[in-house]
Amino acid sequence: MPEVKNNIGALFLREIRLVAGNHSLLLTLLLAPLFYVFFYGTIYSYKVEEKVVLAVADDDRSEMSRMFVEQMNNMQIVAVMRAASLEEAQEQMYRGDAQGYFYIPKGMQSKVLSLQQADVVLAVNGARFLPSSELTGAITQLGLTIGAGVRLQYQEKMGLNSTMALQEAMPVNIDYRPLYNPQASYGGFLLPVLLVLILQQTLLLGLSGSIALERENNNIGRLVTMGGGLSGMLYGKAAFYLLLYLAYAAFFMTVNYQVLHLPFRGSYRDLAVLLFLFILTLIPMAVWIGTLFKSQLLAAQLMAFSTYPFFLICGYAWPFESMPPALQGLSSLLPLTPFVKVYTSVVQTGGTLREHAGSVVHLLLLWVFYLLLALWGLKRLNKKQQPLSL
Amino acid sequence: MIRSILKVALREWKRILAFPVYYLAMLVLPPVLCLLYAGIYNRHFAEDLPVAIWDEANSPLSRQFTFMLEQTESIHITQQVQSEGELQAMLHNGKVMGAIHFPRRMDEQIKSRQPVYITIYTNVSYLVPAKLLYKDAAQVLLTAAAGVQLQKLMKTGMPAGKAMALVMPVQLQSFTLYNPRYDYQQYLVPGVIAVAMQMMMIMVVALALNYEHKTHSLGELYEVSNGSASNAIIGKSLAYLTVAWVDYIMITLVIYPLFAAGAQLFSWGLFTIFTLLMLACISVGMMVSAIFKDLLLACDVGIFYTSPAFVFSGFTFPRWGMPWYDQYYAMIMPLTPFVDAFFKVYFMDLPLRYVRLEMAHMLLFAVVGLPVSIVLFQRTLQQSTVQHA
């Protein structure tokens with residue numbers, strides 16, 4: 001037993017020297033996680049978009065239309081850009097100066113006052129998802145409020161007192177409760193997962209690069225001997241990454257959550273167990289991936305393309321059930337898929353591991369699966385790279 | 001000179017087909033990524049998301065509202081719950097993405113002029129489903145509410161036209177242009193493909209010059225290019241640009257028409273801005289390759305430079321929502337002007353005069369990158385001949 005410990009310890013120290021002496025590994029494993037986590041974090045630091053520019057052409061030029069535009073401009077989400085005509089408003093959208101246009105035709109006020117329905121036009125640039133949907137939601141709400149105001153005046157004229165008139169103006173109301181991200185903000189949605197994505201990708205890139213480097217330098221056979229077997233070699237290398245990434249995870253979940261003002265609603269103990277399992281699963285996955293590449297350069301180059309695909313199929317940005325069965329299968333093989341499900345629940349909704357026992361078991365099964373794959377990959381390379389003994 | 005440039009280009013094509021660091025990234029990865037991205041959004045919209053109903057009213061009106069909600073694209077009622085606690089638990093553990101609550105005595109309250117509040121709950125930690133659910137649920141409930149008001153007013157003997165004018169005095173004619181149904185495949189697939197292309201080109205071209213050291217072929221390049229760094233760099237750039245055009249043909253003739261809601265098969269506008277993007281990426285990559293002789297370092301610089309490009313470009317989260325320094329950082333990436341131009345040319349089908357500024361911005365990368373690469377690489381070429389001699 002002490003010998004095994006010594007072997008693992010020796011491999012652990014060797015890995016530190018390897019990373020310290022290889023600028024690519026150093027950059028990927030020691031600088032990139034810290035740099036990215038603050039660098040990316042700043043993008044969404046305001047979390048919501050505000051003052052989306054809307055070009056407004058008002059041909060009515062009445063008291064009511066001016067009030068309409070003024071109320072629009074007072075909304076947090078809208079910034080009004082005046083246009084002399086409908087054509088100019090359209091041109092402002094074409095140029096990209098505005099994200100849509102709003103047109104009030106002549107005669108709106110007189111129609112409303114004579115109890116006829118008046119039309120106004122809102123056109124938003126749907127090519128830009130977030131701003132256009134926010135604009136439509138906000139202007140629809142404003143239209144409803146103005147409608148309620150007109151009804152209120154009518155009911156008061158009909159002799160109802162103001163309380164009754166108010167009740168009559170809005171008999172059915174919607175009470176919207178966006179849970180766990182009250183501002184329904186993009187930053188609130190993306191940042192928690194961005195932090196784990198940075199952990200995952202730098203670990204995969206660094207460790208797969210390290211294994212590919214060992215293969216490139218014909219070191220696998222020697223390392224297996226040094227570790228006292230395939231498992232010993234794996235644990236020796238893994239120990240360094242496990243410690244390093246647990247430290248990063250602890251830092252991200254405390255310091256970065258504070259700096260980025262992200263709410264944390266669950267239990268730190270559950271999160272610690274979950275992150276430990278996640279990193280434990282990612283390590284053999286990275287080792288196995290590394291065995292597939294003949295050089296560190298190729299590993300770095302191709303693994304760099306994995307970030308977006310892994311994120312897009314993990315079921316967070318796009319519902320898992322909405323993907324084709326083949327991609328659901330592929331997604332199920334990623335540790336990120338069960339992890340994100342539990343992680344989001346723990347940090348954002350205050351969920352527990354017990355509530356997500358199925359996903360935790362899924363993650364454990366993936367750990368076993370990748371462990372076997374990693375050992376198989378190392379065995380294959382070990383056969384090829386046995387040190388020559390005279 | 002032209003002959004020499006063409007010779008270099010031909011030689012580079014052979015290298016692209018010979019070395020995995022080139023052909024895997026330039027010819028194998030793009031189709032694989034394109035098909036993967038297209039597959040993810042194959043259903044275009046997130047449909048039939050699980051929703052719970054907490055119906056305390058248990059009335060004809062609440063059943064009618066429930067029926068209307070079920071008819072929408074995004075809502076699929078999977079659970080009936082009896083309490084708020086049960087509802088919260090289901091949202092909590094992800095069994096449902098949203099929930100609707102109809103209050104007790106809803107029908108009587110509407111009749112007796114008491115305002116009624118119907119609650120929509122969504123789990124916004126999943127933003128996309130939450131937004132879709134809210135949009136559909138709010139639309140149904142607002143329409144239903146308008147129907148209730150209309151009936152009430154007409155019962156007082158008011159003519160239908162006048163009643164309608166009171167229910168909705170200002171009728172908002174709302175149009176979502178260019179992607180009216182918020183189709184995710186139509187919107188996201190072209191964008192993520194552009195990101196992959198940008199990343200691919202910069203990372204591969206970052207090895208264009210320094211990989212000659214690894215393959216011990218600088219002397220050969222010196223001969224083919226007549227000892228001119230400009231011939232070598234222009235020839236190599238031409239080879240990469242032609243590969244980019246092959247990828248462009250694959251994207252616009254196969255991926256966009258089949259998987260991105262039938263975009264136009266060929267557009268000079270799109271071809272022009274794509275070529276400018278690729279040229280900008282080639283210039284940046286070439287500059288990296290000329291500066292960093294170490295292959296891994298050049299590759300790492302490529303990775304660290306290109307990885308954040310998508311989020312900084314404003315494709316998903318608008319740039320004006322970012323802090324000012326991030327907006328400046330975004331400007332030093334070719335993808336940023338491309339994304340602005342792409343919205344106008346691809347989605348809005350506008351002529352190129354609307355993207356002059358963006359085109360100039362992309363061209364700037366070439367104007368700076370290529371001359372810097374030529375100057376730096378000329379020294380490397382000369383040194384190699386001295387060593388060779």
Side-chain angles (χ1 to χ4, degrees), chain A residues 24 27 42-43 45-46 49 94 112 115-127 129 131-132 136 143 146-147 150-151 154 167-168 170-181 184 186 189 297-298 300-301 304-305 308-309 312-313 318-319 322-324 327 344 348-349 351 355, chain B residues 20-21 25 29 36 39-40 42-43 46 91-93 110 113 115-125 127 129 138 141 145 148-149 162 164-166 168-180 187 192 203 295-296 299-300 303 311 317-318 321-323 326 340 343 347 350 354:
Chain A
S24 178
L27 197 66
T42 61
I43 302 177
S45 51
Y46 299 155
E49 53 197 320
Y94 294 155
V112 171
L115 282 185
Q116 290 176 56
Q117 203 169 39
D119 288 334
V120 292
V121 177
L122 171 72
V124 292
N125 181 356
F129 246 46
S132 62
T136 306
I146 285 176
V150 172
R151 280 195 298 281
Y154 175 82
Q167 289 172 358
E168 197 72 345
M170 295 285 279
V172 181
N173 303 276
I174 291 176
D175 173 17
Y176 180 42
R177 298 192 193 171
L179 302 176
Y180 317 125
N181 178 3
Y186 195 69
F189 152 74
L297 177 66
L298 200 59
Q301 198 188 36
F305 287 93
Y308 290 106
L312 293 176
I313 68 168
W318 184 249
S322 295
M323 285 190 286
L327 283 182
T344 314
Q348 301 219 25
T349 75
E355 285 168 353
Chain B
V21 286
L29 260 182
L36 178 76
I40 295 170
N42 196 34
R43 277 176 64 179
L91 280 162
H92 201 63
N93 59 28
I110 291 173
R113 288 181 177 165
V116 163
Y117 287 87
I118 298 174
T119 312
I120 303 173
Y121 299 85
T122 56
N123 179 351
V124 194
S125 53
L127 193 71
L141 296 174
V148 168
Q149 284 177 45
K162 195 175 166 185
M164 195 61 215
L166 255 188
M168 208 161 281
V170 180
Q171 170 83 22
L172 182 69
Q173 307 279 353
S174 178
F175 302 96
T176 303
L177 305 172
Y178 315 120
N179 185 8
Y187 165 68
V192 285
M203 283 181 56
L295 286 173
L296 267 171
C299 179
D300 287 336
I303 293 173
V311 287
F317 186 73
M322 299 174 194
D326 285 333
D340 288 348
F343 279 126
F347 288 115
L350 291 171
Y354 284 98

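Below, chains carry the letters A, B, ... as their sequence lines are ordered, and counting in each starts from 1.
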For [X], is it the side chain, the backbone, both or neither that has a heavy atom under 4.5 Å from a heavy atom of chain A?
X: B/Pro129; answer: side chain
X: B/Tyr354; answer: side chain
X: B/Pro318; answer: side chain
X: B/Leu29; answer: side chain
X: B/Leu350; answer: side chain

Got a list of side-chain donor-acceptor pairs under 3.5 Å for residues 116-127 of chain A, not counting sequence neighbours?
from, atom 1, to, atom 2, distance (Å)
A/Gln116, NE2, A/Ser114, OG, 3.2
A/Gln117, NE2, B/Met168, O, 2.9
A/Gln117, NE2, B/Gln171, OE1, 3.1
A/Asp119, OD1, B/Gln173, NE2, 3.4
A/Asn125, OD1, A/Ala127, N, 3.0

Among [options], which residue forms the greatest number of heavy-atom pairs with chain A at distances under 4.5 Å?
options: B/Asp300, B/Thr176, B/Leu296; result: B/Leu296
options: B/Pro323, B/Ala138, B/Gly39; result: B/Pro323
options: B/Asp340, B/Val311, B/Ile303, B/Val116; result: B/Val116
options: B/Leu91, B/Val192, B/Leu166; result: B/Leu166

Check whether any side-chain heavy atom of [X] lies under 4.5 Å from a side-chain heavy atom of [Y], and answer yes or no.
X: A/Val112; Y: B/Val170; answer: yes
X: A/Tyr180; Y: B/Asn123; answer: yes
X: A/Val172; Y: B/Ile118; answer: yes

**Asked** Which heavy atom in A/Arg151 sits nearest to a heavy atom in B/Pro169, and how many Å separate them?
**Response**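 For A/Arg151 and B/Pro169, the tightest heavy-atom pair comes out as NH1-CD, 4.4 Å.
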
**Asked** What closest approach, in Å, do B/Val21 and A/Gln301 show between heavy atoms, and which atom pair accounts for it?
**Response** O-NE2, 3.0 Å

**Fill in**
Rounding to 0.5 Å, atoms CD1 (B/Ile40) and OH (A/Tyr308) come to a distance of 13.0 Å

**Asked** Just wondering, more than 12 heavy atoms not from B/Tyr117 lying within 6.0 Å of its OH?
**Response** no

Interchain contact, [X] with chain B, by part (heavy-atom threshold 4.5 Å):
X: A/Leu327; value: side chain
X: A/Pro319; value: side chain
X: A/Tyr94; value: both

**Asked** Can you name the ring-ring contact (aromatic ring centres under 6.0 Å, His included) partners of B/Phe343, sequence neighbours left out?
**Response**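 With neighbours one apart ignored, the set is B/Phe315, B/Phe347.
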
**Request:** Could you have a look at A/Pro178, A/Gly143, A/Pro131, A/Ser322 and say which one has the most heavy-atom pairs with chain B under 4.5 angstrom?
**Result:**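 The answer is A/Ser322.
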
**Request:** Mind ranking A/Thr136, A/Ile313, A/Leu27 by heavy-atom pairs under 4.5 Å with chain B and telling me who comes out on top?
**Result:**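 Top count of heavy-atom pairs under 4.5 Å with chain B: A/Leu27.
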
